[in-house]
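Read the structure below first, then the notes.
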Amino acid sequence: MTTALPMPAENAGRGGKIPLVPVLLLAPAVLLYLVFFVWPQLALLMLGFQDRGGAFTLDLYVRFLSDSYYLKLLWRTLVMGVATTMITILLGLPLAYLLARARSRWATLLLIITTFPLLVSAVVRSFGWMVLLYRNGFVSDLLQWLSLTDGPTQLMYTLPGTIIALAQVLLPIMVLSLYAVFRSIPPDLELAAMSLGARPTTALWLVTIKLAKGGIFSGSLLVFSMAISSFATPSLVGGPRAAVMATSIYDLTVTVLDWNFAAVQATVLLVAVLLLSLIYGRLLNGGGIKT
Amino acid sequence: MTFRLLSPLGLSLLILASLAMIYLLVPIAVVVVSPFGDTGFIAFPPQGLTLKWYAAALNDGRYLTGFLLSLRLASIVALISASLGMCAAYAITRYDFPGAKALEALFLSPLILPTLVMAVALTAYFTRSGLPTGTWRLVAAQSIICIPYVIRIVLPLLQRFDRSLEEAALSLGATPIRSFFLVLVPVIRPALIAGAAMAFITSFDEVVLALFLSVPGQTTLPVMIYSSVQLGFEPVVAAVAGLLVCLTGVVMVIMHFFGLRTRG
């Protein structure tokens, strides 16, 4: 925490005049943001309420919410987001907990290895999954070897395949947010619970997981909003047969050139992500999570 | 650890964590290992052992061009984000003006906004505006998603910076610009380098903006990989991706040692 520093003397004396230096320092970044960020975003919002001629209309939103194809797209996007988040919680919790609690010097190395996939382009990681998920691929062989399936399984171009790949792409983000939360919970609390007679499992559940609940929730919001808006993995692994909103937005923008309808879907996605981040911000500020 | 790792609880956590680790690393290992296979198609586990695909990838001029373009764009984006981000962060922390908080929120907002939404907005905007085409569009767009990383890393450091150091330099006769470079820059340099590195990696790996705003004949390496793996598993593409993973690993190790040295 820092306290507000006193203003430099040369600026304080000038009264109503706008100081030149900060304006010059801020101008390039502000200009860049206004011209290539704020204005295009506002234009996009407007596009969704316009027909091809530019007149105001709500038809496109009505079309999105009444056409069963697009509702299915929305549903698939939500399923993908929820399933991806659940897998990252299931695998992220034990990994983050052990990394946060381990006292060995290997823990740092393991943490670095966990974050390494974040540096590898999502395209490259999705490609790895394409090789693994293909019919007669490694995952299909593994499922047969485990006697879970009888014949080859095609996971490429399916929603489950997309979810498996996307959860791997986003798992490091969940691990990093949970790691920070577990580091902030002193292990003494578990010891105290155990010295009062709780078994390790109970202590872990009643003390640590309960305390980490806010962190798990905020990590989930983050992963969920990234999952529903990510493009490379659903496009490569899911393809047109497991289309979600992100891939539909790409097709509308680049192939069909129907920007108005692309704007509608992008706005729906944007509103969902903004709402989630609002809740996320509330959680961070309203206590419950120590960062 | 408050409980023994060999207890049932410890073991089950350990097994789940190991599974998570394998899950994280296998698809990346696949990309590196499968181009060693001798077959004309990509398979995992690979059959046979050959270096021909890796050799072909290194000798393929198209991928080299894409790589060099990505490298050049990422360098420009890192430079722009680091300089604009630092100037903005400096102005926000140093000068008390109304709206500073709002500006900070504006600068950080691309962190929340999905890149996909930005890509759609910019595609429509650029096409209708009649601005000249070129890779500068991509540079501008990627700079906007990279500036937040720089600001987020540099801002806390600037807030903690002891301003009396700078005042001391000024009172000893240094010009404001000299004191800025001699006093402030050395303090924030590690953060600035970290921010620039984040910007570089983000720009280099970024595929959504690069795909939407791509100019014919000027395709970045991730877009090249994206387009060709959609059509089929050409072993050369896999080798290019494998090389990219190895390069990322090397860069990470260098960054790690560099980070240790700047801190110590």
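In the text below, chain A, chain B and the rest are named by the order of the sequence lines, each starting its count at 1. Note: hydrogens, waters and symmetry copies are ignored here, and every other heavy atom, side chains too, is used.
The CG atom of A/Leu204 sits 6.5 Å away from atom CG of B/Leu13, with the distance rounded to the nearest 0.5 Å. Atom CZ of A/Phe127 sits about 8.0 Å away from atom OG of B/Ser228, to the nearest 0.5 Å. One finds the CD1 atom of B/Ile145 at 10.5 Å from the CZ atom of A/Phe37 (value rounded to the nearest 0.5 Å).
Only the side chain of A/Tyr134 comes within contact range of chain B, with heavy atoms under 4.5 Å apart. In this structure, chain B has heavy atoms under 4.5 Å from both the backbone and the side chain of A/Ile164. If you measure heavy-atom distances from A/Leu110 to chain B, the contacts under 4.5 Å come from both the backbone and the side chain. For chain B, the nearby part of A/Leu132 is the side chain; its heavy atoms alone come within less than 4.5 Å. Neither the backbone nor the side chain of A/Ala100 comes within less than 4.5 Å of any heavy atom in chain B. Heavy-atom distances place the side chain of B/Val207, and not its backbone, under 4.5 Å from chain A. Contacts between B/Ile15 and chain A at a heavy-atom distance below 4.5 Å are absent for every atom of the residue. Of the atoms belonging to A/Leu44, it is side-chain heavy atoms, and not backbone ones, that fall under 4.5 Å from chain B. B/Ala238 touches chain A through backbone and side chain together, each having a heavy atom under 4.5 Å away. Neither the backbone nor the side chain of A/Val175 comes within less than 4.5 Å of any heavy atom in chain B. Contacts of B/Ala124 with chain A are made by both backbone and side-chain atoms, with heavy-atom separations under 4.5 Å. Contact of A/Leu222 with chain B is not made at all, since no heavy-atom distance falls under 4.5 Å.
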Compile the donor-acceptor pairs under 3.5 Å between side chains in residues 115-126 of chain A and protein atoms, sequence neighbours left out, one pair per line.
residue, atom, partner, partner atom, Å
A/Thr115, OG1, A/Leu111, O, 3.3
A/Thr115, OG1, A/Ile112, O, 2.9
A/Ser121, OG, A/Val123, N, 3.4
A/Ser121, OG, B/Asp205, O, 3.1
A/Arg125, NE, A/Pro117, O, 3.0
A/Arg125, NE, A/Val120, O, 3.3
A/Arg125, NH1, A/Val169, O, 3.1
A/Arg125, NH2, A/Pro117, O, 3.1
A/Ser126, OG, A/Ala122, O, 2.7
A/Ser126, OG, A/Thr233, OG1, 3.0

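The salt bridge (charged side-chain N to carboxylate O under 4.0 Å, His left out) check on A/Asp251 picks up nothing, with sequence neighbours excluded. The side-chain hydrogen bond (donor to acceptor under 3.5 Å, both in side chains) search around A/Ser235 returns B/Tyr226, not counting sequence neighbours.
Looking only at side-chain heavy atoms (C-beta outward), A/Leu47 and B/Arg128 come within less than 4.5 Å of each other. By the 4.5 Å heavy-atom criterion applied to side chains, B/Cys87 and A/Leu26 are not counted as neighbours. Annotation: side chain of B/Phe126 is not in contact with side chain of A/Pro40 (no heavy-atom distance under 4.5 Å). Within the 4.5 Å cutoff, the side chain of A/Val21 has heavy atoms near those of the B/Tyr95 side chain.
Along residues 23-33 of chain B, the residues that come nearer than 4.5 angstrom to chain A, judged on non-hydrogen atoms, are B/Tyr23, B/Leu24, B/Leu25, B/Val26, B/Pro27, B/Ile28, B/Val30, B/Val31 in order of number.
Taking the six-membered ring where the residue is Trp, A/Tyr250 and B/Phe212 present perpendicular rings, their angle passing 60° and hence far from 30°.
Each of B/Leu106, B/Leu244, B/Ile201, B/Leu19 has some count of heavy-atom pairs under 4.5 Å with chain A, and the biggest count is that of B/Leu106. For the options B/Val120, B/Leu103, B/Ile92, heavy-atom pairs under 4.5 Å to chain A are most numerous at B/Val120. In terms of heavy-atom pairs under 4.5 angstrom with chain A, the leader among B/Ser12, B/Ala17, B/Pro222 is B/Ala17. Counting heavy-atom pairs under 4.5 Å between each of B/Leu113, B/Thr202, B/Val223, B/Leu221 and chain A puts B/Leu113 at the top. Contacts with chain B were tallied for A/Ile228, A/Ile87, A/Val35; A/Val35 has the most, counting heavy-atom pairs under 4.5 Å. In terms of non-hydrogen atom pairs under 4.5 Å with chain A, the most contact-rich of B/Pro114, B/Ala89, B/Ser109 is B/Pro114. The candidate with the highest count of non-hydrogen atom pairs below 4.5 Å against chain A, out of B/Val208, B/Thr115, B/Val251, B/Thr127, is B/Thr127. Of the listed residues A/Val254, A/Leu171, A/Leu269, the one with more heavy-atom pairs under 4.5 angstrom with chain B than any other is A/Leu171.
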- Walk me through it: do A/Gln41 and B/Val117 pass the test side-chain contact (heavy atoms from CB on, under 4.5 Å)? CA-CA 8 Å; A/Gln41 288 305 324; B/Val117 174; 3.7 Å; yes

- What do the steps show when you test B/Tyr125 against A/Trp259 for ring pair (Phe, Tyr, Trp, His ring centres under 6.0 Å), and what is the final call? CA-CA 10 Å; B/Tyr125 170 74; A/Trp259 295 330; over 10 Å; no

